[in-house]
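Report on the structure given below.
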Amino acid sequence: MGTAFWCIVEDDRKGQPKKVMAEVLTEAGRLSGGQAEAVWLTDKAAPDGLERLAEWGASKIWLLESPALAPYRGEAWVPVAAALVSARAPKAILGPVTSRQREFLARLAARLGVGFAADTVGLELDGDTLVATRPVYAGKLLSKVTWAKTPWVASLRPNVFKAGDPQPGRAPVVERPSFTVPDATLTLVERREEVSTGLPELTEADLVVSGGRGLKGPENFVILESLASVVGAAVGASRAAVDAGWRPHRFQIGQTGRTISPKLYLGFGISGAIQHLAGMRTSKVIVAVNKDPEAPIFKIADYGIVGDLFEVVPALTEEFKKLLGK
Ligand SMILES: Cc1cc2nc3c(=O)[nH]c(=O)nc-3n(C[C@H](O)[C@H](O)[C@H](O)COP(=O)(O)OP(=O)(O)OC[C@H]3O[C@@H](n4cnc5c(N)ncnc54)[C@H](O)[C@@H]3O)c2cc1C
């Protein structure tokens with residue numbers, strides 16, 4: 001068994017690794033004593049994307065580049081990655097929690113016959129054993145799990161693990177192992193559309209503004225979008241708002257939506273049901289605005305305003321504009 005900690009690269013599908021990789025690489029480097037290696041399955045890696053991985057701490061980059069690897073299909077990726085694991089025997093395989101890696105890491109672990117700790121919020125070495133901490137029961141409890149054998153496979157919740165300072169100018173060490181992509185007969189994705197809101201991506205954002213049933217209708221999300229564009233936040237929603245058809249499902253925060261851990265979460269007209277909290281309770285600072293002083297969200301909020309969001313949101317937006325000189 002080797003000693004390297006592999007980090008499966010999540011990219012923006014345009015040749016650039018996502019910034020969450022800085023967190024995964026830093027954590028892998030901390031646990032392995034600097035042996036964090038990136039593994040990038042892609043149809044095209046931009047040269048400055050490789051540089052960024054090195055600057056974020058990748059001591060080596062295993063670049064598996066082929067048009068046959070895009071778009072992502074587990075049937076194509078898993079055998080390619082599993083063959084490389086067999087040849088190189090990493091000690092651990094880590095990746096960020098994203099829709100793609102949720103599936104990929106679980107399938108890879110199953111293929112390798114090893115355990116998978118999903119959605120971890122802490123990793124520590126106990127002697128020569130890795131111990132992962134992960135939330136269970138919608139975030140009510142934390143459980144500690146470990147593995148019977150290596151490689152240890154785990155997904156890391158974004159914005160929980162600290163990214164180290166980048167090392168500018170660190171040259172990437174790139175290995176291009178030969179590999180064959182099996183004929184994956186299954187075509188699941190026929191067309192992919194990129195929809196840009198002009199705002200940061202929900203799971204990557206440092207600031208998130210979120211709206212619930214208290215918004216009363218889809219047209220009212222515009223006030224949250226104005227606030228978000230002033231402070232540079234992403235806009236999320238509760239399931240009640242999504243089920244009502246006010247926002248697409250990709251904006252849903254919670255147990256059956258996205259898990260976020262931004263530096264600041266601002267919730268408007270959201271009651272704070274346990275299933276919503278499951279997706280945002282690890283936010284660093286939580287601010288809640290609700291007209292009901294008994295709303296459960298106030299129990300976990302760091303700051304709360306009991307008031308009508310239709311008055312509070314425009315007032316906050318004006319104050320932020322003044323503060324930020326916009
Ligand atoms: C299996 C399962 C999975 C689920 N998964 C999720 C999930 O992933 N995400 C999720 O969010 N939910 C999820 N839910 C649903 C969850 O239980 C709640 O029903 C939902 O979160 C409620 O959304 P809400 O807070 O927007 O609405 P409500 O609970 O109706 O709350 C609306 C709040 O707005 C306040 N309000 C109203 N008007 C104003 C105003 N003018 N100004 C200020 N405040 C106002 C009210 O006081 C109230 O507190 C799940 C449920 C189940 C059973």
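In each ligand, atom 1 is the first atom listed, and ligand 1 is the first ligand listed.
With Glu10 as reference, Gln101 is the one residue of Lys18, Lys19, Gln101 to meet the side-chain hydrogen bond (donor to acceptor under 3.5 Å, both in side chains) rule. Partner Thr120 forms a side chain to side chain contact (heavy atoms under 4.5 Å, CB included) with one of Val131, Leu156, Val160 and no other, that one being Leu156.
Between the side chain of Asp119 and the backbone N or O of Arg157, no donor-acceptor pair lies under 3.5 Å. The closest donor-acceptor contact from the side chain of Ser261 to the backbone of Asn159 lies at 3.5 Å or more, if one exists at all.
In this structure, Arg247 forms a cation-pi arrangement with Phe221, its terminal cationic atom sitting closer than 6.0 Å to the ring centre and no more than 45° off the ring axis.
Listed as neighbours of ligand 1 are Gly212, Arg213, Gly214, Lys216, Ser238, Arg239, Ala240, Gln252, Ile253, Gly254, Gln255, Thr256, Gly257, Gly269, Ile270, Ser271, Ala273, Gln275, His276, Asn290, Lys291, Asp292, Gly307, Asp308, Leu309, Phe310, each bearing a heavy atom under 4.0 Å from the ligand.
Val136 and Ser143 make their closest contact through CG1-OG, 3.7 Å (heavy atoms, listed as atom of the first residue, atom of the second, distance).
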